[in-house]
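What follows is one structure encoded as structure tokens, with my remarks underneath.
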Amino acid sequence: MAVLDYYGHSTFGLTTDDGTRVIIDPFFDDNPWTEVSPSDVEADFIFCTHGHFDHFVDAIAIAKNTGATVVGAFELIEYVQSQGVENVHPMHIGGGWDFPFGRVKLTVAIHGGRVHGEGAEGFTTSPAGLLFDLGPGKRLYHAGDTALTMDMQLLKGRVDVALLPMGDNFTMGPEDAVTAIEFIEPSVVIPIHYDTWPFIEQDVEAFAALVGARARVVIIEPGKGSYEF
Ligand code: NI
Ligand code: MN
């Protein structure tokens, strides 16, 4: 059994079948959805889709607290390393790696590449999505922050559970997210990156209605729920 705990926005805790604790896009401080403090987070791995603060701000602190390995695009990881984090794993778009808990591939995301952090000005990178293969029925896609892309057609038949931004303004909005679902054909869609701020307010129930029979939409109350698969 794998468990996804949703802390709101794009932040998840993923516990895999073998008990590995993965944090995706650590945004705890200043995240209005969660009371969890970064100092309370347990992790073996931290995956960051990109360097914007709302996906990355607590990565270094959690890594230093826990000894977790930070994984992401090369330039982002160079910055993490420059801040004194020893356990890192740089990757880049299109590349995959067999981690002890499963395979992870970095996918294309169209978005901004700036890295937020002290002294991070020289570390601009390409944002990514994350494709976790945790076994049959457990292929998990975290799209990161992205526009709708034609590249999503490459994911068709390769995703069971898709975590898709639909907040609009900074990422895909609801209509483009529906097209992404038509491209990818996942069984389950969990909407993310909405309602955190006024710019990304959405009616998530209306989004589920718009998706209709294309996929099962699982709405997790941000910061309060989890999904088992
Ligand atoms: Ni972003
Ligand atoms: Mn974001």
Side-chain angles (χ1 to χ4, degrees), residues 1-7 10-28 36 38-51 55-109 115 125-144 154-155 157-164 184 186-188 190 192 218 220 225-229:
M1 184 72 74
V3 183
L4 264 177
D5 292 309
Y6 186 34
Y7 296 102
S10 295
T11 305
F12 287 87
L14 166 66
T15 307
T16 63
D17 289 336
D18 67 359
T20 304
R21 297 156 307 175
V22 176
I23 297 291
I24 305 171
D25 282 2
F27 173 43
F28 293 96
V36 172
S39 56
D40 297 333
V41 173
E42 303 277 351
D44 301 300
F45 290 92
I46 302 165
F47 283 79
C48 298
T49 60
H50 63 296
H55 301 258
F56 176 66
V57 66
D58 296 315
I60 289 164
I62 296 171
K64 286 184 176 175
N65 269 344
T66 61
T69 299
V70 185
V71 190
F74 180 80
E75 298 84 358
L76 185 62
I77 296 309
E78 266 191 317
Y79 172 65
V80 169
Q81 218 168 8
S82 79
Q83 299 303 297
V85 174
E86 284 173 15
N87 297 327
V88 294
H89 185 125
M91 299 179 67
H92 231 304
I93 314 292
W97 181 260
D98 292 315
F99 290 90
F101 60 86
R103 185 169 178 81
V104 185
K105 184 175 180 182
L106 261 55
T107 65
V108 171
V115 176
T125 189
S126 302
L130 302 166
L131 184 60
F132 292 82
D133 186 349
L134 305 174
K138 296 184 182 195
R139 297 165 306 171
L140 174 73
Y141 171 51
H142 188 304
L154 297 170
L155 300 174
R158 297 179 182 203
V159 176
D160 300 301
V161 179
L163 313 177
L164 298 181
I184 301 166
S187 309
V188 170
I190 299 174
I192 64 173
V218 174
I220 309 180
S226 51
Y227 175 74
E228 294 183 356
F229 64 114

query = Among all residues two or more places apart in sequence or in another chain, which pass the ring pair (Phe, Tyr, Trp, His ring centres under 6.0 Å) test with H89?
reply = W97, F99
request  = Go through the structure and list residues passing salt bridge (Lys or Arg N to Asp or Glu O under 4.0 Å) with K64, not counting sequence neighbours.
outcome  = none
message = So which atom in G67 and which in N87 form the shortest heavy-atom distance, rounded to 0.1 Å?
response = O-ND2, 2.8 Å
inquiry  = Return the CD to CD1 distance between Q83 and I60, rounded to the nearest 0.5 Å.
reply    = 5.0 Å
remark   = Minimal heavy-atom distance between P38 and I62, with the atoms involved, is O-CG1, 3.7 Å
request  = Identify the heavy atoms of D160 and G137 that sit nearest to each other, and give their distance.
outcome  = OD2-C, 3.0 Å
ask   = What's the spacing between R139 CZ and L155 CG if we round to 0.5 Å?
value = 10.5 Å
task = Just jot down the salt bridge (Lys or Arg N to Asp or Glu O under 4.0 Å) partners of R21, sequence neighbours excluded, or say none.
result = E42, D44
query = Quick one: CD1 on I46 to OG1 on T69, what's the gap to the nearest 0.5 Å?
reply = 8.5 Å
message = Can you list everything that forms a side-chain hydrogen bond (donor to acceptor under 3.5 Å, both in side chains) with S39? Sequence neighbours excluded, please.
response = S37
ask   = Got a sec, which pairs hit ring-ring contact (aromatic ring centres under 6.0 Å, His included) with one end in residues 56-86, sequence neighbours left out?
value = Y79-F123
request  = Applying salt bridge (Lys or Arg N to Asp or Glu O under 4.0 Å), name anything that partners D133, two or more places apart in sequence or on another chain.
outcome  = none
key: Euclidean distance, E228 CD relative to D5 CG, rounded to 0.5 Å   = 9.0 Å
query = Closest approach of S226 and V3, non-hydrogen atoms and distance?
reply = CB-CG1, 4.2 Å
ask   = Taking only residues two or more places apart in sequence, or in another chain, which ones meet T49 in a side-chain hydrogen bond (donor to acceptor under 3.5 Å, both in side chains)?
value = D25
task = Taking side chain to side chain contact (heavy atoms under 4.5 Å, CB included) as the test, write out the residues that go with L140, two or more places apart.
result = L4, L14, F132, V161, L163, F229
request  = Begin from the C-alpha positions of V71 and M91 and carry the test side chain to side chain contact (heavy atoms under 4.5 Å, CB included) through to its verdict.
outcome  = CA-CA 7 Å; V71 190; M91 299 179 67; 3.6 Å; yes
request  = Could you list the residues that satisfy salt bridge (Lys or Arg N to Asp or Glu O under 4.0 Å) with R103, not counting sequence neighbours?
outcome  = D98
message = Return the CD1 to OH distance between I24 and Y6, rounded to the nearest 0.5 Å.
response = 11.5 Å
request  = With sequence neighbours left out, write down each residue that passes side chain to side chain contact (heavy atoms under 4.5 Å, CB included) with T11, or none if nothing qualifies.
outcome  = Y7, F27, F28, N31
ask   = Who are the side chain to side chain contact (heavy atoms under 4.5 Å, CB included) partners of P127, not counting sequence neighbours?
value = H50, A109, H111
request  = Under the side chain to side chain contact (heavy atoms under 4.5 Å, CB included) rule, collect the residues that match up with D18, sequence neighbours excluded.
outcome  = T16, T20, F101
ask   = Would you say the side-chain atoms of H142 pair up with the backbone N or O of S10, donor to acceptor, closer than 3.5 Å?
value = yes
ask   = Looking only at heavy atoms, which two atoms of C48 and A59 are closest? And how far apart?
value = SG-CB, 3.9 Å
Test side chain to side chain contact (heavy atoms under 4.5 Å, CB included) applied to D17 and L134, step by step = CA-CA 8 Å; D17 289 336; L134 305 174; 5.7 Å; no
key: Steps toward side chain to side chain contact (heavy atoms under 4.5 Å, CB included) verdict (L164, Y141)   = CA-CA 8 Å; L164 298 181; Y141 171 51; 3.9 Å; yes
key: Between CD on residue E78 and OG1 on residue T125, distance to nearest 0.5 Å   = 9.0 Å
inquiry  = Pair D58, V41 - check side chain to side chain contact (heavy atoms under 4.5 Å, CB included), show working.
reply    = CA-CA 10 Å; D58 296 315; V41 173; over 6 Å; no
